[in-house]
Protein chains: 2
Amino acid sequence: MSGIEEVARRAGVSPATVSRALSGRGAVSPTTRDRVHGVARELGYVVSSSASALATGRMRNVGIVLPFLNRWFYGAVVEGAQSALLGQGYDLTLYNLGGGEEERRSVFEHFLLRKRVDAVIAVSLEPTPGEVQRLHELRKPIIGVGGPVPGVRTLSIDEVAVARLATEHLLGLGHRRIAHIGGGHTRELDFNLPSSRRTGFEQALRAVDAPPVPEWELRSDFTVPGGYAAAEQLLGGADRPTAIFAASDEMAIGAMLAARDLGLQVPRDVSIVGIDDHELAEFFGLTTVAQYPERQGRMAVDVLMTELDPRHPVPDAVDTPLPFDLVVRSSTARPAG
Amino acid sequence: MSGIEEVARRAGVSPATVSRALSGRGAVSPTTRDRVHGVARELGYVVSSSASALATGRMRNVGIVLPFLNRWFYGAVVEGAQSALLGQGYDLTLYNLGGGEEERRSVFEHFLLRKRVDAVIAVSLEPTPGEVQRLHELRKPIIGVGGPVPGVRTLSIDEVAVARLATEHLLGLGHRRIAHIGGGHTRELDFNLPSSRRTGFEQALRAVDAPPVPEWELRSDFTVPGGYAAAEQLLGGADRPTAIFAASDEMAIGAMLAARDLGLQVPRDVSIVGIDDHELAEFFGLTTVAQYPERQGRMAVDVLMTELDPRHPVPDAVDTPLPFDLVVRSSTARPAG
DNA sequence: ATGAAAGCGCTAACAT
DNA sequence: ATGTTAGCGCTTTCAT
């Protein structure tokens, strides 16, 4: 397992020059640079990241903390972040906080702070003020994806506006009897995304003087079965809504399946709209408001990379709004009659 | 940002003692151990992983390489591995090889070998002999999940047996007209899982003298839409099979949806069985052969941990078979008539 | 453009 | 049980 010294010897230069040649920092004549690269390749030499990190203080590694991995949204964020990072020569280490409070504390205390990462991406997770302060003290950039965090740079869609857009689409089609399947109080999700979406929904209804019907506002858990159960309840009776706005595509898909099982046709008998633009939304013909999680992952990386740049101005803890778009497919139409 | 020296000073001991006290290696009197821990906590001191890694040669980090992240199976493997690792004080760094040949080479060349990881878990991915050799030279344990790899310790289910089990379930119910939706030649999956499953299917059929019908063996891509399209084709005509065995639950779910859209009832008109026990399998009442990806991730970690133990015997490159079980739900029944 | 030398912050012999 | 010492393998001034 050859070290820099071996490369230096074979290339007939000093270790310092090898370091410069390989890292691209510092002046090296083209000739020696090529020679060094040649020798390195030949020897299969790769710098030891720990030695390099110890000397420079940079790990070239970022941590991503999230509540789930196996929800489409999170997977997509991770994929986006990962591939952006790969392009920069950075690694991504994963902290999946499925396990609750205990695991969470352990991650923050023992892992993130262990100088293992240069920066942190927190997805749908709100670090406590203490955690934020800790990170700041260590001068580790942190960026939140999914909701504003006080004192932290964040990337987030305007949840209220997204919900309003979805609801307005239904209203625009002529629906007035609209139900909402929102999120419940998942402890895992720190941001109050469920209630923001509900707020947008209600705002849109009130704007057209169609006050929300309490019985038509259900809470569920962002899963297909959850959406199914809620829709069954909404559509099972005689006095049913003509449209459903679900706070996620997975719930919307569950609702579509429930409608079908109840002998209802979508969109003839009931229109359904979701949020996300899940990979299966197109397959199901689901009208939805697209957010672009993969791009969100990439953007988070871009922001971190500029903040990691030593000549970067003091980072301002602002929230950057993210784009979203209504994607109309075949699950929504004018109400019958 | 205080270092070990500061802790040593405040605790009135030498850095060496602090190191011993904090790492638990080497004898330290209970009194000083507690004192050191106290000071460390007070100062918020955490060892620098790079310094520690440089001194010990251990990163306490394992890499996981996989072709996708956003397929249920892979997400589950990662979750299992991650949580097992967390318990051991290890991190997990993710190498998602979505991007094809180029990205793959780059990961193996520049990342895994950069001494960033102590070991690697390769999921459904077959390292080339060159890559395996490289890893061996660096004495980095590697374990494959998902199929035997020459020269590498692996964990895998017996794909042929799994497929046979699924098929035999249908045969046992009395089906003889059975179709198979298998995997295509996805470049991303290195193991010939698709063909192994097909082989098991055909073996089971031949064993009861019900030779497979070529037109009833379709290839698809492991997705819901893919399964839907294949099933549409199988079930669209008059001369249709009475049962379908899909090589993954996602395809099986697609097939169930297609059947319904064609006005067919499952299982009355057609029985459908999958493989995986996807998180939605229960919701859809899908009969399937469960494999336990999360447990597979955990097991991979267990194996690596013992191999990382310095007093471990030379690892034997064997393949450990993994358990699987038939889970009968409501998508299969005796054929009509 | 290149080299010499001093660390980066720990850990592990070895001594006591 | 604890301290001393010598690295681990790089990077980076500072010279030249």
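Letters A, B, ... mirror the listed sequences (proteins, then strands); counts begin at 1. Here the structure is a predicted model, which means the values were calculated and not measured.
Sorted by first and then second residue, the side-chain hydrogen bond (donor to acceptor under 3.5 Å, both in side chains) pairs with a member in residues 23-40 of chain A read A:S29-A:T32; sequence neighbours excluded. Judged as a salt bridge (charged side-chain N to carboxylate O under 4.0 Å, His left out), the pairs with a partner in residues 3-21 of chain A (not counting sequence neighbours) are, in order, A:E6-A:R10. The side-chain hydrogen bond (donor to acceptor under 3.5 Å, both in side chains) analysis of residues 75-87 of chain A, with sequence neighbours excluded, yields the pairs A:S83-A:R298.
In this view, B:P141 and B:A119, B:L304, B:E307, B:L308 satisfy the side-chain contact (heavy atoms from CB on, under 4.5 Å) rule, not counting sequence neighbours. Residues satisfying the side chain to side chain donor-acceptor pair (under 3.5 Å) criterion with A:Q291, sequence neighbours excluded, are A:D276, A:Q296. Residues forming a side chain to side chain donor-acceptor pair (under 3.5 Å) with B:T320 (at least two apart in sequence, or on another chain): B:R153. Judged as a side chain to side chain donor-acceptor pair (under 3.5 Å), and not counting sequence neighbours, the contacts of B:Y292 are B:D325. Residues satisfying the side-chain contact (heavy atoms from CB on, under 4.5 Å) criterion with A:T128, sequence neighbours excluded, are A:R104, A:E131. The side chain to side chain donor-acceptor pair (under 3.5 Å) search around B:S49 returns none, not counting sequence neighbours.
Taking atom CG of B:L54 as the reference point, atom C1' of C:dA12 lies 13 Å away to the nearest angstrom. Per the geometry, CG belonging to B:L22 stands 8 Å off P belonging to C:dT11, to the nearest Å.
Taking the ring axis of B:F68 as reference, the NZ or CZ atom of B:R71 stays within 45° of it and closer than 6.0 Å to the ring centre.
Of the residues in residues 36-44 of chain B, not one places a heavy atom less than 4.0 Å from an atom of DNA chain D.
Contact between the side-chain N/O atoms of B:S50 and the OP1/OP2 oxygens of C:dC10 is not found at any separation under 4.0 Å. Checking the phosphate oxygens (OP1, OP2) of D:dT4, no side-chain nitrogen or oxygen of B:S14 falls inside 4.0 Å.
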Original post:
What string of B, S and - do you get for nucleotides 10-16 of chain D 5' to 3' if you count protein non-hydrogen atoms under 4.0 Å?
Top reply: BSBB---
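Summary of helix geometry: the two end axes of the helix from C:dA1-D:dT16 to C:dT16-D:dA1, each defined by five base pairs via their C1' atoms, are inclined to each other by 30° (rounded to 10°).
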